[in-house]
2 protein chains.
Amino acid sequence: MDNIKSINSNLELNPNLSTDCVIFGFDFEKLNVLLIDRGIGSESNNANRLALPGNLIYDNENLDMAASRVLNELTELKDIYLEQVGAFGDPDRISKESDQEWLKSIRAKPEARVITVAYYSLVKMDDYAPHASSFAKSADWYAVNDIHELAFDHFEILQAALKKLKEKIRIQPLGFNLLPEKFTLGQLHKLYEAILEKSLDKRNFRRKILKLDILTNLDEKQVGVPHKPSQFFMFNEVNYKKLSETGFDNFGF
Amino acid sequence: MDNIKSINSNLELNPNLSTDCVIFGFDFEKLNVLLIDRGIGSESNNANRLALPGNLIYDNENLDMAASRVLNELTELKDIYLEQVGAFGDPDRISKESDQEWLKSIRAKPEARVITVAYYSLVKMDDYAPHASSFAKSADWYAVNDIHELAFDHFEILQAALKKLKEKIRIQPLGFNLLPEKFTLGQLHKLYEAILEKSLDKRNFRRKILKLDILTNLDEKQVGVPHKPSQFFMFNEVNYKKLSETGFDNFGF
DNA sequence: TTTGCAAAGTGTTCTTTTTACACTAAGTTA
DNA sequence: TAACTTAGTGTAAAAAGAACACTTTGCAAA
């Protein structure tokens, strides 16, 4: 954090206001989330060593920018889909002993609550290979379904982010943010199943998504796969914008 | 505000964290929102004298409770539907001159930003006759559609709340919170039209809402109306809960 | 070289939901 | 008693959703 401060040496971090990012990635199998290992936590329990990446907010920084700064500092990614989940501010949200330690380390008034404004973001997993940073001793992708506990109230935040993502993807085709430029319908299909946590009929899924006319068939096939190769598609942004303007509001899965 | 503080004299208000409530009401014609007149604002412009009711948050108070405290102090209502809209914290959100004045009056560090966590709530208009309070020189209902400007970034917050309400009512039948115990289908119909800002076919609306089986026909008619009297209905909470559990997720307007 | 494997790709039928649409009924007021 | 106002009702056509099975293609293993 020190080096961050030096970049902005004339600015003050607000000791009672932070942002946390739920960064989702998709590995073609399941939904993952990027967590940092704080290196502290109870001995009996590794789970609460893990936390969402987050940081305090500068006094003159707007919330969206703070979130994208956190994301950028950790992953070096820019222009990432970001959406606010909400504010979390239970006075006792930092009640676990291991969390208190951390609180002291950032020199916040220990008696005052830290409010966090949570965001979720969708990134192409290929674009970021986790590595340590100024920010985190270590950062890694974890399967969302394997997570049952996190530091602070981060588990609760994760669940809230998942809920928002589920709701949102039914209305707006966000999936492309989680896939590489080129992807197959099978991959997109699996992504929707992973997010919605239910299986979707293959033929119905294909018919529906193709009917939206927001995919461009690249006339290019997979190579080297031990089965019938799939066509590659890419997201057609122009058609998507047309569609949004004429007011589609249901992706209806 | 002083008398609030005296009630909680051992507690500290956080000068940089507030909550604002978008309190919606329905007068059988249109959607209304409860605004307070701060009594200050530019002379040329009355609009930015008006603001959402809000207040600073106590250091040890959770966010939801702070919002319902604000609502309760203003209206004396309890157990009101409340939902978080999100956090608003542009450093320049208090940039208008008239707003700066207000800032000084609450003795916040003028250089620091005030983050606000916004909520929206749905109240039965009959249950609250606006009156002055410790809280506001005056409070009144205003038609949502007539509002084009508010103090601070409150107009933006209002728009965000409206958007959330629209999204939510498509998924969950919230309308009952805005109507008296007994209401007619015509009133409910108008309410949906007001919130969704579009007209809905009368027959289709009735069929759909009745099919949900969450309304109890009270076998009681309007009296004294200069037209065919309507049946009164009430919300059937038991059936609604059954419905929620078996997982309805679409009210589909 | 043949066989097996694994995922791709493809249509039809039935059911449910949505949409569009117009007249009669009941009470009040003039 | 005529005029006005909102309540209340059904049907048909179109669209969307759900359920369902076999062929194709490329690779790998026998």
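Lettering of chains follows the sequences in order, A, B, ..., and the numbering in each one begins at 1.
More than 12 heavy atoms of other residues, nucleotides or ligands lie within 6.0 Å of CD in A:Glu220, so this atom counts as buried by the packing criterion.
Listed by residue number, there are no residues of residues 217-225 of chain A with a heavy-atom contact under 4.0 Å to DNA chain C.
Candidate nucleotides D:dG10, D:dA7, C:dT10 were compared by shortest atom distance to the side chain of B:Arg203, and D:dG10 ranks first. Among D:dG17, D:dG26, D:dA7, the nucleotide with an atom closest to any side-chain atom of A:Lys208 is D:dG17. Checked against D:dC27, C:dG27, C:dA7, the side chain of A:Pro226 finds its nearest nucleotide in D:dC27. Among the nucleotides D:dT25, C:dG9, D:dA16, the one closest to the side chain of A:Lys211 is D:dA16. Considering only side-chain atoms of B:Arg207, the nucleotide from C:dA7, C:dT19, D:dG8 that sits closest is C:dT19. For B:Ser230, whose side chain is taken as the heavy atoms from C-beta onward, the closest listed nucleotide among D:dA19, D:dG26, D:dG8 is D:dG8.
Comparing A:Pro229 and B:Asp201 against DNA chain D, the residue whose closest nucleotide sits nearer the 5' end is B:Asp201. Ranked by how close their nearest DNA chain C nucleotide is to the 5' end, B:Lys228 and A:Thr184 are led by A:Thr184.
In this structure, CG of A:Leu210 is placed 14 Å from P of C:dA8, rounded to the nearest angstrom. Straight-line distance from the CD atom of B:Gln231 to the P atom of D:dG8: 6 Å, rounded to whole Å. One can place CG of A:Asn204 at 16 Å from P of C:dG9, the figure rounded to the nearest angstrom. We find that CD of B:Gln187 is positioned 12 Å from C1' of D:dA7, with the value rounded to whole Å. Between the NE2 atom of A:His189 and the C1' atom of C:dA6 there is a distance of 16 Å, rounded to whole Å. Per the geometry, CZ belonging to B:Phe232 stands 10 Å off P belonging to D:dG8, to the nearest Å. We find that CD of B:Glu29 is positioned 13 Å from C1' of D:dT5, with the value rounded to whole Å. Per the geometry, CG belonging to B:Leu200 stands 18 Å off P belonging to C:dT17, to the nearest Å.
By the ring-ring contact (aromatic ring centres under 6.0 Å, His included) test, B:Phe176 is found to be paired with B:Phe183, B:Phe235, residues two or more places apart in sequence or in another chain being considered. Remark: A:Phe232 engages no residue in a ring-ring contact (aromatic ring centres under 6.0 Å, His included) (not counting sequence neighbours).
Under the side chain to side chain donor-acceptor pair (under 3.5 Å) criterion, no residue pair touches residues 221-230 of chain B, with sequence neighbours excluded.
Judged by atom type and distance alone, A:Lys202 reaches the base of C:dG9 through a side-chain donor-acceptor pair under 3.5 Å.
Terminal axes of the helix from C:dT1-D:dA30 to C:dA30-D:dT1 (five pairs each, C1' rotation axis) are separated by 10°, to the nearest 10°.
B:Phe233 pairs with exactly one of B:Leu185, B:Thr216, B:Leu218 by the side-chain contact (heavy atoms from CB on, under 4.5 Å) rule, that one being B:Leu185. When each of B:Lys208, B:Arg207, B:Lys202 is checked for a side chain to side chain donor-acceptor pair (under 3.5 Å) with B:Asn204, only B:Arg207 meets the rule.
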Please list every donor-acceptor pair under 3.5 Å in which a side-chain atom of residues 74-83 of chain B meets a protein atom from a residue at least two apart or in another chain.
{"unit_1": "B:Thr75", "atom_1": "OG1", "unit_2": "B:Leu71", "atom_2": "O", "d": "2.7"}
{"unit_1": "B:Thr75", "atom_1": "OG1", "unit_2": "B:Leu77", "atom_2": "N", "d": "3.1"}
{"unit_1": "B:Tyr81", "atom_1": "OH", "unit_2": "B:Glu83", "atom_2": "OE1", "d": "2.9"}

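In plain terms, the two heavy atoms of B:Ala51 and B:Ala151 that are nearest each other are CB-CB, 4.0 Å.
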